[in-house]
Structures are given as structure tokens and as C-alpha cells.
2 protein chains.
Amino acid sequence: MSSLTRDIESYIRELFEEAQEHQLSLRRKELAERFGCVPSQINYVLASRFTPERGYLVESQRGGHGYIRIMKIRFANAEERISHLDDLVGNAIGEQDARRLLTSLQERGLLTPRERLLIEVSLRYLDEICRTPFDVSPYKRDVMQAELLKRMIRGLVLA
Amino acid sequence: MSSLTRDIESYIRELFEEAQEHQLSLRRKELAERFGCVPSQINYVLASRFTPERGYLVESQRGGHGYIRIMKIRFANAEERISHLDDLVGNAIGEQDARRLLTSLQERGLLTPRERLLIEVSLRYLDEICRTPFDVSPYKRDVMQAELLKRMIRGLVLA
DNA sequence: ATCCATATGGTCAAAATACGTCAAGAAACG
DNA sequence: CGTTTCTTGACGTATTTTGACCATATGGAT
């Protein structure tokens, strides 16, 4: 049940909590040694867990005194937040991706479990009627799902 | 009278009771082996029994260290309230009636403003697509709205 | 100033692992 | 006896882990 990637992710999150900062710096090699893995494993963790989609940006520098800096994304206003979230949803989104996004939003505290449940119910129903009474193509279904999802998210941000 | 699906469903419910947690993790392959069935049978059980409409959310991850996580959002036994609310929604509900009902639920503290917003956004979108791409009759639109509303309410108002 | 040794981090792809989708046929139901 | 629900299996996709090889920054030597 535990995995290297998840362990490293947890460790980095702990560092964030301890630091109480919106950004922190790491040494790739050091971190890899701490977890007894190859350095590129760290890149994998960053690429899969500390993405803009999950609210993070990563910068790095090579060479002597190299570093990896992870930053939490901050928004100046609701509009920025909305456009960020709109981008995450995109023009079309499938069931799996939608669920993943909702998971991430819940983890970020932007959504309560009940709100997430409401969203999932409505997405499912939309998908269902698109299939059965109407016969919408898979891609069009994803476009419609994306539209509904974006509207709900926009509403929540402004609420 | 017993069936594979029901057996697996019962088993998962037992796990919830034992764990006394609102969420639990499974391995699809393991579970399939325990019940001597193909792994996709597990997907069927999840898709038909642990839906958001029934108060559950399911997350999963593929690949190494993959898992299936089931979360119980719904609060225990509130069947009476479900049927009561179903009656309130009825077979078909128009925009005006729907709004009245939501107002009442919100006033009774069964719904937060954000949750209500989500419901209204999705109902409005449903209505919109029923008119424009598809050309659903007014009555049918009301039926579909009622159905979506009922599903959302069933999913979460229970406590 | 330039070169180069050293110290970092980056990319990519293969292999292993685990879950998802879909549709056809069987079974149960009313 | 038609409809819904269940079961199965073939095929598809996603994630993790590792390692070989690539790119870049720094600082001291020339």
C-alpha cells in the first residue's frame, strides 16, 4: 500500500507544513539518498505530484549549488483562480480525469466531500442522458462535461 | 438468491463496519481472487453499488501500487428522509417548484449556499442542453430535472 | 577571458504492475 | 417473453521504478 513516490510526496508535504512558507528548496541528490532511490525518482515525484494542476510550480537550477524550488500557487483574485481552474478542466474532460481533478480540489480544500458528491452526481447524470436518450459521441460528451464542470467551479469560486 | 455482486457488496460493507472509517482501500486483483471472479467484476460492483447517488465516492489509481479507495459520504440510515424528499420532488418538477424546494432545504439547514448553488447550476445546464442541442419537450425537461434533483438530494441531504 | 573539472539537475524509455472499458452472452426478474 | 442485471474476457491505458545518457552552472587554473 505504501509506495516510494507516495512516501516522498508525504515527506515534501511535511516540509511545507514545518516551514509554514509558500515555497521551499531541495537538493535532488540529498533527497534521493534519504530515500535510497535514483535521483530521477525525485523528478517523477515532482512531475506527478507537484504540478500546477495540484497547485504547485517547480523551478530548478543545475550545476554547483543547484537546487529544486517548489512553490505553492497563489492567486491575487477570484478571476485568476477561475481562469486557472478553467484551464485545468480544459475544453473536454473524461470521467477519470474529472474525478482526479475533483480529488485534487478536495485535497486542496477548495471543495467539501458533499460538494464533490453533488458534482459527481450531476456529471454522471449528464453522461447518462447523453448516452441513452440522445446518442452523443464520446468526445462531445467530454466537452459537455467540461462545460458543466467549469460552470460549477466558477460558481463555487465566486460564492 | 445470493449473487456474486451482492456478496462482494456485502463484503465491502462489512469492511466499512469493521474499520469504523469513512473510507477504505482495496486491491482489485486481491478482491477478485477472494471471490474467484474476474477483476472487472469489481468495477461492476462499484459502478452499480457504490455510486455518488448512494452516498459514496470512489477513487482509484492504476499501475504499480495501484488501489481502489471507497469513501462513504453519506450518513448512516436515513431511508425515511430519502423517501420523504423523493415525494417532495415528485415525478416532475418545474423550475419554480425546484427553486422553492431548494430554498426550503437551505432554510432548514440541510443544504449550504454553496451546495445549493451547485445544484442550481447543474439544473440550469441540464435545462439548457435539453432545449438547444436536443429538443426535449417542456414536460420531459421537468421529468429529467426532477430525476437529477432527486439523485443529488438522495446522495447528500440525508444528514 | 577561456577552459575544464566537478557538481548538480534533466530526459527518456523499458519493464513491471495494476486498474479501466466495452460488449456479448447468461441469468434473473416481473 | 421481454427487460434488466450480472458475469466474463479480450483489449486498452495509466503509474511506478530504474538506469543509461544528456545538459548546465560554478569556480579555479591558465
Side-chain angles (χ1 to χ4, degrees), chain A residues 1-12 24-51 53-54 57-70 93-101 103-104 120 123-124 127-128 130-133 135-139 141-142 145, chain B residues 1-12 24-51 53-54 57-70:
Chain A
M1 181 50 198
S2 93
S3 84
L4 184 50
T5 294
R6 285 195 279 265
D7 291 346
I8 296 171
E9 177 190 3
S10 298
Y11 177 72
I12 295 174
L24 59 78
S25 288
L26 301 173
R27 295 294 178 97
R28 189 177 79 149
K29 194 178 163 189
E30 223 179 60
L31 198 49
E33 272 164 10
R34 174 185 294 267
F35 284 92
C37 64
V38 296
S40 61
Q41 177 72 34
I42 307 304
N43 294 81
Y44 178 71
V45 174
L46 296 174
S48 63
R49 302 293 201 271
F50 294 88
T51 60
E53 181 172 351
R54 296 183 183 218
L57 292 176
V58 176
E59 289 177 356
S60 64
Q61 188 165 67
R62 310 185 191 191
H65 308 300
Y67 60 83
I68 291 176
R69 177 155 50 224
I70 310 175
I93 192 167
E95 187 183 325
Q96 285 298 310
D97 286 338
R99 199 140 53 196
R100 181 179 303 284
L101 175 58
T103 298
S104 153
E120 293 213 11
L123 289 179
R124 282 168 56 89
D127 194 68
E128 184 179 314
C130 279
R131 287 170 189 263
T132 319
D135 196 51
V136 181
S137 73
Y139 177 71
R141 290 203 301 266
D142 287 355
Q145 279 205 345
Chain B
M1 190 52 196
S2 107
S3 82
L4 186 48
T5 294
R6 279 191 282 269
D7 290 346
I8 296 172
E9 178 188 2
S10 300
Y11 178 71
I12 293 175
L24 56 80
S25 287
L26 301 174
R27 307 230 176 179
R28 191 178 76 149
K29 194 176 159 193
E30 237 178 47
L31 198 49
E33 272 164 10
R34 172 184 297 267
F35 285 92
C37 63
V38 295
S40 60
Q41 177 71 34
I42 307 304
N43 293 81
Y44 179 73
V45 175
L46 296 174
S48 61
R49 303 293 200 270
F50 295 89
T51 62
E53 288 85 347
R54 297 182 182 211
L57 293 175
V58 176
E59 294 174 357
S60 65
Q61 189 166 56
R62 307 187 192 185
H65 305 286
Y67 61 83
I68 291 176
R69 176 156 51 223
I70 310 174

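Each chain gets a letter, A, B and so on, in the order the sequences are listed, and its residues count up from 1. Being a predicted model, the structure only gives us computed values, none of them experimental.
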Could you tell me the separation between the CZ atom of A:R100 and the P atom of C:dG20, rounded to a whole number of Å? 11 Å
Excluding sequence neighbours, so at least two apart, what forms salt bridge (Lys or Arg N to Asp or Glu O under 4.0 Å) with B:R49? B:E9
Nucleotides 6-9 of chain D: which of its N/O atoms have a protein N/O under 3.5 Å away?
| unit_1 | atom_1 | unit_2 | atom_2 | d |
| --- | --- | --- | --- | --- |
| D:dC6 | OP1 | B:R49 | NH2 | 2.6 |
| D:dC6 | OP2 | B:Y44 | OH | 2.3 |
| D:dC6 | OP2 | B:R49 | NH1 | 3.2 |
| D:dC6 | O5' | B:Y44 | OH | 3.2 |
| D:dT7 | OP1 | B:L4 | N | 2.9 |
| D:dT7 | OP2 | B:T5 | N | 2.8 |
| D:dT7 | OP2 | B:T5 | OG1 | 2.4 |
| D:dT7 | OP2 | B:Q41 | NE2 | 2.9 |
| D:dG9 | N7 | B:S40 | OG | 3.4 |
| D:dG9 | O6 | B:S40 | OG | 2.7 |

Among all residues two or more places apart in sequence or in another chain, which pass the side chain to side chain contact (heavy atoms under 4.5 Å, CB included) test with B:S10? none
How many whole angstroms separate atom OH of B:Y67 from atom P of C:dT17? 20 Å
Quick one: side-chain hydrogen bond (donor to acceptor under 3.5 Å, both in side chains) partners of A:R100, sequence neighbours excluded? none
Specify the separation, in whole Å, of atom CZ of A:F35 and atom P of D:dT17. 12 Å
Hits for side chain to side chain contact (heavy atoms under 4.5 Å, CB included) against A:L57, two or more places apart or cross-chain, chain-then-number order -> A:P52, A:M71, A:I73
In terms of the nearest nucleotide of DNA chain C, which residue is placed more toward the 5' end: A:S60 or B:L26? A:S60
Return the value, rounded to whole Å, for the distance between atom CG of A:N43 and atom C1' of D:dT18. 13 Å
Note down the inter-axis angle between the two ends of the helix from C:dA1-D:dT30 to C:dG30-D:dC1, five pairs each, to the nearest 10°. 30°
Looking only at side-chain N and O atoms, does A:R28 come under 4.0 Å of OP1 or OP2 in C:dT11? no
For A:T132, the side chain to side chain contact (heavy atoms under 4.5 Å, CB included) test, sequence neighbours excluded, returns none
A:R28 meets the side-chain hydrogen bond (donor to acceptor under 3.5 Å, both in side chains) criterion, sequence neighbours left out, with A:N43
Would you mind checking if A:E95 and A:R99 are paired as a salt bridge, meaning a charged N to carboxylate O distance below 4.0 Å? yes
Side chain to side chain contact (heavy atoms under 4.5 Å, CB included), that's the test. Do A:D97 and A:L101 meet it? Break it down for me. CA-CA 6 Å; A:D97 286 338; A:L101 175 58; over 6 Å; no
Check the distance between C:dA18's C1' and B:L31's CG and give it to me in whole angstrom. 14 Å
What N/O pairs connect the protein and nucleotides 23-30 of chain D at under 3.5 Å? Give each pair on its own line.
| unit_1 | atom_1 | unit_2 | atom_2 | d |
| --- | --- | --- | --- | --- |
| D:dA23 | O4' | A:R62 | NH1 | 2.9 |
| D:dA23 | N3 | A:R62 | NH1 | 2.9 |
| D:dA25 | O4' | A:R62 | O | 3.2 |

Mind calculating the distance between CG (A:L46) and P (C:dG9) to the nearest angstrom? 11 Å
Show which side-chain atoms of residues 34-41 of chain A pair as donor or acceptor with protein atoms under 3.5 Å away, not counting sequence neighbours.
| unit_1 | atom_1 | unit_2 | atom_2 | d |
| --- | --- | --- | --- | --- |
| A:R34 | NE | A:Y11 | OH | 3.2 |
| A:R34 | NH2 | A:Y11 | OH | 3.2 |
| A:Q41 | NE2 | A:T5 | OG1 | 3.0 |

I need the CZ-P distance between A:R69 and C:dG10, as an integer number of Å. 13 Å
Please report, rounded to the nearest Å, how far the P atom of D:dT16 is from the CD1 atom of A:I42. 14 Å
From the candidates C:dG9, C:dC19, C:dT21, the one with an atom nearest any side-chain atom of A:Q96 is C:dT21
Inter- and intrachain pairs under salt bridge (Lys or Arg N to Asp or Glu O under 4.0 Å), touching residues 57-67 of chain A, at least two apart: A:E59-A:R69
Please list, chain by chain and in numerical order, all residues satisfying ring pair (Phe, Tyr, Trp, His ring centres under 6.0 Å) with A:Y44, sequence neighbours excluded. none
